[in-house]
Amino acid sequence: MRLMEECFRWYGPNDPVPLNHIRQAGATGIVSALHHIYDGSPWPQEAILAQKAQIEAAGMRWSVVESIPVHNSIKLATTDSARYIGWYKDTLRAVARAGISTVCYNFMPVVDWTRTELMQPLANGGYALRFDAVDFAAYDLFVLKRPRVEESYSERQISLAGERLAEMDQAKIERIERNLIAGLPATERQFNRESFLTALAEYDGVTPDTLHDNLARFLREIVPVAEEIGIRLCIHPDDPAFSLYGLPRIVSTAADVRRILSAVDSPTNGITFCTGSYGTRADNDLPQMVREFGPRIHFAHLRNVQRENDGSFYEADHLGGSSDMPAVILALMQEQERRVAEDRIDWQIPLRPDHGHLLADDIGKERINPGYSLIGRLKGLAEIRGVMHGIATAVAQKA
Ligand code: DNO
């Protein structure tokens, strides 16, 4: 059985993890973006080519663009959106001219990925990212105090959050606030409490159906362009895969994916299969989702979360946690074989080990992108690689 393409995220020239270290991790592909242009304006061709040249000089290829940010006006379908959609198409064309054919994006309003803790100690001395649902509710209800916040919580959740708040000191509240609204790496906007409330207010009355319609409208514009220039689009799921701050979230479940794929029924309109995001819900059967959506999976993010009873989760080892990672990898490799039998040129699915624990010599480094230190991801990639080889060998011996 064929192996998937081993990629690694690189945040560009400012990433504290250099390309030569990524190469030592064994990756052959790079996942990157022009991270300094996140305001929806078009990416200059020369800047894309310069970043590509750096990647190639380090002996790898730029396999996936993650992400081209989708401007808020597009998510809200305001009159401004026409200009931003035009620029989005320009960026897609520039990326295609640079020879890159997979583009990841997301359609999460206001906040991208969200965690309450970036340094949750693990029993082995390392650290993990964590989302604590009770801390989150305590912040949302009693610190942020957005309008009608109680509607998002049950009475029991409100009382647990109140108890939690009473245990928190000021330092913890400030830390949680910073983690939640002041930006994890690759989030497009950084907020203070006031600007955050303003941003949330723009989504007042925007239901999941409206947001879906706005996504469908965007897809009807960009999919034909992407088809023409040979780009595969892959939407990243909500992380975590449930509503936060009362915001609509529309890429959380298998039903959501079905709806998006049928909104524009083209192979170009695909998904990023992020096991860590979909895995935050017990009702997402990950291997089954790979089997159902396989032909439209253009990119895989492999990482595991350990779900807890109250909606909290932490990022576990890549092969630990609540999801059966080998079963997901097997399903993805089977999808590749199905594509080969169909003569699809894009049979190989790029993967990246998503997030990693903060481990060993990375602990205490001054500059670290949370989740994106080297050693934890190197370990994750090595484990995933081991699973792939194990599967390939087992299948070959059976044949
Ligand atoms: C977090 C990432 C996300 C992702 C975007 C894709 O680690 O998975 O920030 O890049 O949501 O658009």
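For ligands, and for the atoms within them, numbers begin at 1 and follow the listed sequence.
At a heavy-atom cutoff of 4.0 Å, ligand 1 is contacted by the side chain of R352 but not by its backbone. Under 4.0 angstrom from ligand 1, the non-hydrogen atoms of D112 all belong to its side chain. Within the 4.0 Å heavy-atom criterion, the part of Y372 lying near ligand 1 is the side chain and not the backbone. Counting heavy atoms under 4.0 Å from ligand 1, residue R9 touches it through the side chain alone.
Using a 4.0 Å cut-off to heavy atoms of H355, the atoms of ligand 1 that qualify are 1 (C), 7 (O). Taking every non-hydrogen atom of M108 and a distance limit under 4.0 Å, the qualifying atoms of ligand 1 come out as 11 (O). The E66 neighbourhood of ligand 1 comprises atoms 4 (C), 6 (C), 8 (O), 10 (O), with distances under 4.0 Å to a heavy atom of that residue. Against a heavy-atom cut-off of under 4.0 Å, S67 is close to the following atoms of ligand 1: 5 (C), 6 (C), 12 (O). For ligand 1, the atoms lying closer than 4.0 Å to a non-hydrogen atom of Y105 are 12 (O).
Rounded to the nearest 0.5 angstrom, I100 CD1 and S63 OG are separated by 9.0 Å.
Taking the side chain as every heavy atom from C-beta outward, E117 and F131 never approach each other to under 4.5 Å.
Ionic pairing of D310 and R156 is not present here: no N-O contact between side-chain nitrogen and carboxylate oxygen is shorter than 4.0 angstrom. A salt bridge links R164 with D132: at least one charged nitrogen is closer than 4.0 Å to a carboxylate oxygen. The pair R115-D239 counts as a salt bridge, with a side-chain nitrogen and a carboxylate oxygen less than 4.0 angstrom apart.
Looking only at atom types and distance, the side chain of R352 has a donor-acceptor partner in the side chain of H301 under 3.5 Å away.
Within a 6.0 Å sphere centred on CD of E337, heavy atoms belonging to other residues, nucleotides or ligands number more than 12.
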